[in-house]
Amino acid sequence: MITRRELLKYAVGVAGLAAPLTALEMINPKKLLAGKSGPSKVRWVFLVDTYKCVGCGLCVKACKNENEIPYDANVTRTWVERYVLTKDGKLFADTPKGARDGFTTNKIDLGLGKYQDIKKEDIRKAFFVPKLCNQCENPPCVQVCPVGATYQAPDGVVLVDRTWCIGCGYCIMACPYGARFFHPKYHTAEKCNFCYHRISKGMQTACVEACPFGARRIGNIKDPNDPVARIIMTERVGILKSEYGTKPQVYYIGLDEEVR
Amino acid sequence: MGNHVFRPLFVVIGIIILILIARSFYVPHDFGVHERGYMYGWYREGNIEDWKKVQVKYQGRDYCKDCHSDKYESIMRSPHAIIQCENCHGPAVDHPANPPKLTIDRSRQLCLRCHYPLPYPTSGRAKIRGIDPDRHNRDFECSTCHNPHKPNLSIR
């Protein structure tokens, strides 16, 4: 049998316990579902034509200057990879300094100061593949951020909040494309953001503008009249590492199975 | 239950309330769940504006063409018309206010980015004419003989 005094005591206790809980933000399930498709009229996508790329690396140079990535630090938001397949089935790939200075030798950089010379007649296939952040539709780097410092903007670009990033490096480990690194000056996670300050003003990204051969293009996949969107919708394009389910939004023309 | 249970309990509740008050001051008001939901859209909205404020450095050839119309017109008639001015002259930023003078890259390495011959059959590189930098006039800048705006020996 419970007395009135005891009942009041318990009631006060329960109310006291519940008070701080009401101060916590309750997550609204409707809010969680909202914007799965999103009302934004823009979804930035990128198109790379690997046939056109000559490996000059002017895109990397422009990117580093435009986005204030220390020029001599061996980190870069975009880089160009060289793939050389020989007739005896060997694959060589390199990207010295991220191709900041282009490819000005036929020797493949094997790392540790070793180089491989490949004769012209031994080459079966050889080509260049520019790489950058894929601005995935399901970005694994964003899922793992414990503090909400990296996120997907309504137009699909994944951004990093430098004031909020604690530098734990989870996102750098989570990216299957190796697109993230630590900024040597700010000590926060850093990545390509499609030159957000330029595309939001109607300009091209620095790499697209710097490319003399038109190998790189940026567009809006939600605009059916956008020339880049039209190519992605109607022509044969590939994406990198589709098996991860990240839905990357950088599309490639002329992708080969050797490209990872 | 006696006081030895409730006293520490009240202390803990007090600490939690203090932390929550501190959090409400520390966390910006625009921080929260946005368009892409809790998994992808949990962030501080003001950061989008922060990124938009980054200064543009590469202005494009249209920025150069009015004051340097002679140079602009000469390069636009040459095979080098596809190359942006700033790829060799450096980013304009706020030129002529800042920087008043751009630093031109005249190095052989710059020209070799395209003109070192790489015979890669499935790349556009194989179609560009190249030189062997060890044999072709070593120790001279390319621009000693070739005008990059009119890359034809007979003209200079």
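By convention in this document, chain letters (A, B, ...) are assigned in the order of the sequence lines, proteins followed by strands, and residues within each chain are numbered from 1. Just so it is clear, the values below take in all heavy atoms, side chains as well, and ignore hydrogens, waters and symmetry mates.
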Engaged part of A:Thr104 at the chain B interface, taking heavy atoms whose separation is under 4.5 Å: both

Against chain B, work out which of A:Ser200, A:Cys211, A:Gly254 has the most heavy-atom pairs shorter than 4.5 Å and name it. A:Ser200

Working to the nearest 0.5 angstrom, can you tell me the gap between A:His197 NE2 and B:Trp51 CH2? 9.0 Å

For A:Arg124, which atoms come within 4.5 Å of any heavy atom of chain B: side chain, backbone, both, or neither? backbone

Backbone N or O of A:Tyr196 within a donor-acceptor pair of the B:Lys52 side chain at under 3.5 Å? no

For A:Tyr151 and B:Arg44, work out which heavy atoms get closest and say how close. OH-O, 4.4 Å

Non-hydrogen side-chain atoms of B:Glu35 and A:Ser40 separated by less than 4.5 Å: yes

Looking at A:Pro154, A:Ala215, A:Gly156, which makes the most heavy-atom pairs under 4.5 Å with chain B? A:Pro154

For A:Glu209 and B:Gly60, indicate whether the former's side chain and the latter's backbone hold a donor-acceptor pair under 3.5 Å. yes

Heavy-atom pairs under 4.5 Å with chain A are the metric here; pick the option from B:Ser123, B:Pro117, B:Gly41 that has the most. B:Ser123

Working for side chain to side chain contact (heavy atoms under 4.5 Å, CB included), residues A:Phe128 and B:Leu118: CA-CA 11 Å; A:Phe128 300 98; B:Leu118 289 174; 3.8 Å; yes

Between the side chain of B:Arg113 and the main-chain N/O of A:Gly57, is any donor-acceptor distance below 3.5 Å? yes

Between B:Arg125 (side chain only) and A:Cys56 (backbone N and O only), is there a donor and an acceptor less than 3.5 Å apart? no

Interface residue of largest heavy-atom contact number with chain A, from B:Gln55, B:Lys53, B:Lys127, B:Glu86, under 4.5 Å: B:Gln55

If I measure from the heavy atoms of chain B, does A:Val147 come under 4.5 Å with its side chain, its backbone, both, or neither? backbone

Looking only at the aromatic ring of each residue, does the gap between the centers of B:Tyr43 and A:Trp164 stay below 6.0 angstrom? no

When you measure from the side chain of B:Thr122 to the backbone of A:Ala126, do you find a donor-acceptor pair of N or O atoms at a distance under 3.5 Å? yes

Is any side-chain heavy atom of A:Phe213 closer than 4.5 Å to a side-chain heavy atom of B:Ile83? no

Please answer whether the main-chain N or O of A:Ala210 pairs with a side-chain N or O of B:Gln84 as donor and acceptor at a distance below 3.5 Å. no

Part of A:Leu58 within contact of chain B (heavy atom distance under 4.5 Å): both

Could you walk me through whether A:Glu137 and B:Arg36 pass salt bridge (charged side-chain N to carboxylate O under 4.0 Å, His left out), step by step? CA-CA 10 Å; A:Glu137 195 58 21; B:Arg36 278 299 323 265; 3.6 Å; yes

Below 4.5 Å, heavy-atom pairs only: which of A:Leu159, A:Asp101, A:Thr150 has the largest tally toward chain B? A:Asp101

Of the non-hydrogen atoms in A:Met203 and B:Val56, which two are nearest, and what is the gap between them? CE-CG1, 3.7 Å

Proximal component of A:Asn193, with respect to chain B [non-hydrogen, under 4.5 Å]: side chain

Under a 4.5 Å heavy-atom cut-off, does chain A meet the side chain of B:Asn87, its backbone, both or neither? both

With a 4.5 angstrom heavy-atom cut-off, could you sort out which part of B:Asp132 is near chain A: side chain, backbone, both or neither? neither

Looking at A:Lys125, A:Glu6, A:Lys52, A:Arg162, which has the largest count of heavy-atom pairs under 4.5 Å with chain B? A:Arg162

B:Tyr58 versus A:Arg198, side-chain donor and acceptor atoms under 3.5 Å: no

